[in-house]
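Working notes, beginning with the structure itself.
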Amino acid sequence: MALSTSRSAARLARQAPRCCKAQPVTPSFRPAAAFSTSEARRSEYPDARPRWSYTPERMKAPFSPHITKDPARSVWHVNDDPKKLDEVLNRFLGHDGERILPEELKWLAVTHKSFDQGRRGFNDRLAFLGRQICALECTQSIITSPPAFIEPENDPFAHRRKPFEDSVLLSVDNLSARQPNDIFSLAKLAKLAVDTGLNQVVRWKPRMPDNIKGSGLEPVMSGAVYAIVGAVALQNGGKMASRIVRERIMKRLRS
């Protein structure tokens, strides 16, 4: 038994070098692939289209599973002119408003998820950030205003209690009479979007093109307003976004 085992081991030892010589030796490493932002990648595609202007090919299905009942409802045209978008941003953000945001972020802020099935990105997260900034600025504006709280009349327990009063806390009671939702209502934000021309550049697809308001015009336009604020905060910081909320949005909503 020991002799046969040693012969098998010797035969395997003689065959191993033959197999190694017959097979080509492949290198143990591979060159690193170039990233999409590298110079090699950019030189390979010198005329690449911006991301906002087209739907990625790999996100397109060979056929549409949606059955259109009324083909007229599928027809809806959106803005694709960068100059028109810059003009609206100048009216909305002020002088040189087009320079506050980069190109991709501009289009992302004015793109609703109903447009192109959300395949080009949409502004939900930017709108969430902008909504929190607007609520914060509006709350600070309310509690720093002169006290406007009126004591209730015919209070049967007025002679039995004496509430704590402080000059610093008197304005906090303003929140009992007015909330940020009263200023940043959907109707007011939609009217602001129409007055500044923002409704002409927001990319969305209404469910009923013949009934824009019933398709959700006010929520879409208010989301675009919030998204622009969130984009400014993301790109330039909260200080500039807060200034835009106070000077460019709240003044118009209160006027």
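Note that these values count all heavy atoms, side chains included, but never hydrogens, waters or copies made by symmetry.
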(request) Apply side-chain hydrogen bond (donor to acceptor under 3.5 Å, both in side chains) to T196 and R91, showing your working. (result) CA-CA 6 Å; T196 56; R91 289 196 298 268; over 6 Å; no
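- Cluster membership for V201 and L126, using ILVMFWY side-chain heavy atoms within less than 4.5 angstrom, is shared.
- Annotation: K213, atom NZ; neighbour count of heavy atoms from other residues, nucleotides and ligands within 6.0 Å does not exceed 12.
- Closest approach of R203 to N79, counting heavy atoms only: CD-O, 3.8 Å.
- Here the side chain of R119 pairs a donor or acceptor atom with the backbone of M59 at under 3.5 angstrom.
- Enclosure of atom CZ in R125 is not indicated, since only 12 or fewer non-hydrogen atoms of other residues, nucleotides or ligands lie within 6.0 angstrom.
- Across every non-hydrogen atom of T111 and G121, the tightest pair is CG2-O, 3.2 Å.
- Taking CZ from R131 and CG from L189, the interatomic distance works out to 10.0 Å, rounded to the nearest 0.5 Å.
- Linking Ile, Leu, Val, Met, Phe, Trp and Tyr whenever their side-chain heavy atoms come within less than 4.5 Å puts W76 and M221 in one cluster.
- Contact of the H95 side chain with the N90 side chain is not registered, since no non-hydrogen atoms from C-beta on lie closer than 4.5 Å.
- Shown here for I183 and C138, the closest heavy-atom pair between the two residues is CD1-SG, 3.4 Å.
- From L253, atom CG reaches atom OG of S185 across 7.5 Å, with rounding to the nearest 0.5 Å.
- Note on L108: it clusters hydrophobically with I244, by side-chain heavy-atom contacts below 4.5 Å among ILVMFWY residues.
- Looking at S114, its side chain never comes within 3.5 Å of a backbone N or O of W204 through a donor-acceptor pair.
- Heavy atoms of other residues, nucleotides or ligands lying less than 6.0 angstrom from CZ of F128 number 12 at most.
- Residue L129 holds its CG atom at 13.0 Å from CG of D124, rounded to the nearest 0.5 Å.
- The shortest side-chain heavy-atom distance between S171 and T144 does not fall under the 4.5 Å cut-off.
- Remark: R207 CZ is loosely packed, at most 12 non-hydrogen atoms of other residues, nucleotides or ligands lying under 6.0 Å away.
- For CD of Q117, the number of neighbouring non-hydrogen atoms (other residues, nucleotides, ligands) closer than 6.0 Å is 12 at most.
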(request) Could you please spell out the steps behind the side-chain contact (heavy atoms from CB on, under 4.5 Å) verdict for K251 and R246? (result) CA-CA 7 Å; K251 285 186 177 180; R246 293 191 303 267; over 6 Å; no
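- The closest side-chain heavy-atom distance from I100 to M240 is below 4.5 Å.
- In this structure, the separation between CD on E137 and CD on E247 is 10.5 Å, given to the nearest 0.5 Å.
- Within 6.0 Å of NZ on K205 lie more than 12 heavy atoms contributed by other residues, nucleotides or ligands.
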(message) Would D116 and T55 count as a side-chain hydrogen bond (donor to acceptor under 3.5 Å, both in side chains) here? Give the steps.
(response) CA-CA 8 Å; D116 198 17; T55 303; 2.3 Å; yes
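- The closest side-chain heavy-atom distance from W52 to V110 is not below 4.5 Å.
- Considering all non-hydrogen atoms of both residues, T139 and P180 come closest at OG1-CG, 3.3 Å.
- Atom NZ of residue K188 and atom OG of residue S222 lie 14.0 Å apart, to the nearest 0.5 angstrom.
- Side-chain atoms of W107 and N123, non-hydrogen and from C-beta on, never get closer than 4.5 Å to each other.
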(request) In sequence, state the C-alpha distance, the side-chain angles, and the governing distance for F184 and I249, and then conclude on side-chain contact (heavy atoms from CB on, under 4.5 Å). (result) CA-CA 9 Å; F184 285 88; I249 299 180; 3.7 Å; yes
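- Between the side chain of S215 and the main chain of M208, a donor-acceptor pair closer than 3.5 Å is present.
- Under the 4.5 Å side-chain heavy-atom criterion for grouping Ile, Leu, Val, Met, Phe, Trp and Tyr, Y226 is connected to V220 within one hydrophobic cluster.
- Taken together through direct or relayed side-chain contacts under 4.5 Å among Ile, Leu, Val, Met, Phe, Trp and Tyr, V245 and L186 form parts of separate hydrophobic clusters.
- In terms of modelled atom types and a separation under 3.5 Å, the side chain of N236 and the main chain of A233 share no donor-acceptor contact.
- Counting heavy atoms from C-beta outward, K106 and L89 have side chains that approach closer than 4.5 Å.
- Two residues are said to be in side-chain contact when any heavy atoms from C-beta on lie closer than 4.5 Å; L198 and I228 meet this criterion.
- Taking CD of E218 as the start and NZ of K191 as the end, the distance is 12.5 Å to the nearest 0.5 Å.
- The two residues P50 and S53 make their nearest non-hydrogen contact at O-OG, 2.8 Å.
- Put simply, the side chain of R248 does not reach to within 4.5 Å of the side chain of F92, judged on heavy atoms.
- Side chain to side chain, S141 and R178 fail the donor-acceptor criterion of an N or O pair below 3.5 Å.
- Contact between P206 and I212 at its shortest, heavy atoms only, is CG-CD1, 4.1 Å.
- Salt-bridge formation is not detected for the pair K84/E87: no Lys NZ or Arg NE/NH1/NH2 atom is positioned less than 4.0 Å from an Asp or Glu carboxylate oxygen.
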